[in-house]
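Just below is one structure, and these are the notes that go with it.
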Amino acid sequence: TFARENGSVVLTHDPDFLDPGTRSGVPVLYYSDDTMDSYEIADRVAGLIKWIPDPADLPPLTNLNDWD
């Protein structure tokens, strides 16, 4: 609710957010590997921001795993 009301994006490894009903219109950046280094996650988010600077243009779900 907070993310939707404030135009935010959710960054999570909680698989509940894979369900479209849970996302309810909020873009989700998902990573399934909860052992991923926080710097690696930050690098992937920064790279995504370069490609898609406006959160409104994000797909409903972006998987941050297995990027080269």
Side-chain angles (χ1 to χ4, degrees):
T1 300
F2 178 86
R4 186 177 45 260
E5 290 174 356
N6 292 282
S8 299
V9 174
V10 173
L11 173 66
T12 187
H13 74 272
D14 183 343
D16 289 345
F17 282 92
L18 297 175
D19 175 19
T22 302
R23 292 193 302 268
S24 64
V26 175
V28 172
L29 306 181
Y30 176 76
Y31 61 100
S32 62
D33 181 1
D34 66 349
T35 64
M36 187 184 304
D37 182 81
S38 58
Y39 291 105
E40 181 67 22
I41 294 168
D43 287 344
R44 292 176 187 203
V45 171
L48 182 62
I49 290 169
K50 286 182 183 179
W51 296 327
I52 306 173
D54 186 347
D57 294 331
L58 285 169
L61 179 66
T62 302
N63 190 335
L64 298 177
N65 290 5
D66 301 326
W67 289 15
D68 291 332

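The analysis underlying the following values was restricted to heavy atoms, covering all of them including side chains, and did not include hydrogens, waters or symmetry mates.
- Checking Thr22 against Asp16 by side-chain atom types alone, no donor-acceptor pair falls below 3.5 Å.
- Counting heavy atoms from C-beta outward, Ile52 and Thr62 have side chains that stay 4.5 Å or more apart.
- With values rounded to the nearest 0.5 angstrom, Asp14 atom CG is found 12.0 Å from Ser32 atom OG.
- With sequence neighbours excluded, no residue forms a ring pair (Phe, Tyr, Trp, His ring centres under 6.0 Å) with Phe17.
- Although no hydrogens or angles enter the test, the distance criterion places a donor-acceptor pair under 3.5 Å between the side chain of Arg44 and the main chain of Leu64.
- The two residues Val26 and Ser8 come nearest to each other via the heavy atoms CG1-O, 3.6 Å.
- In terms of heavy-atom proximity, Pro27 sits nearest to Val9 at O-CG1, 3.4 Å.
- Annotation: side chain of Val10 is not in contact with side chain of Tyr30 (no heavy-atom distance under 4.5 Å).
- Interatomic distance, Asn65 CG to His13 NE2, rounded to the nearest 0.5 Å: 11.0 Å.
- In this structure a side-chain-to-backbone donor-acceptor pair under 3.5 Å is missing from Arg23 to Val28.
- When side chains are defined from C-beta on, Leu29 does not count as touching Thr12, because their heavy atoms never get closer than 4.5 Å.
- Side-chain contact of Thr35 with Asp33: a donor-acceptor pair under 3.5 Å is present, judged by distance alone.
- Linking Ile, Leu, Val, Met, Phe, Trp and Tyr whenever their side-chain heavy atoms come within less than 4.5 Å puts Trp51 and Leu58 in one cluster.
- Using a 4.5 Å cut-off between side-chain heavy atoms of Ile, Leu, Val, Met, Phe, Trp and Tyr, with links allowed through other members, Leu61 and Leu11 fall into different hydrophobic clusters.
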(message) side chain to side chain contact (heavy atoms under 4.5 Å, CB included), that's the test. Do Tyr31 and Ile41 meet it? Break it down for me.
(response) CA-CA 8 Å; Tyr31 61 100; Ile41 294 168; 3.5 Å; yes
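- The CG atom of Asp54 sits 11.5 Å away from the CD1 atom of Ile49 when rounded to the nearest 0.5 Å.
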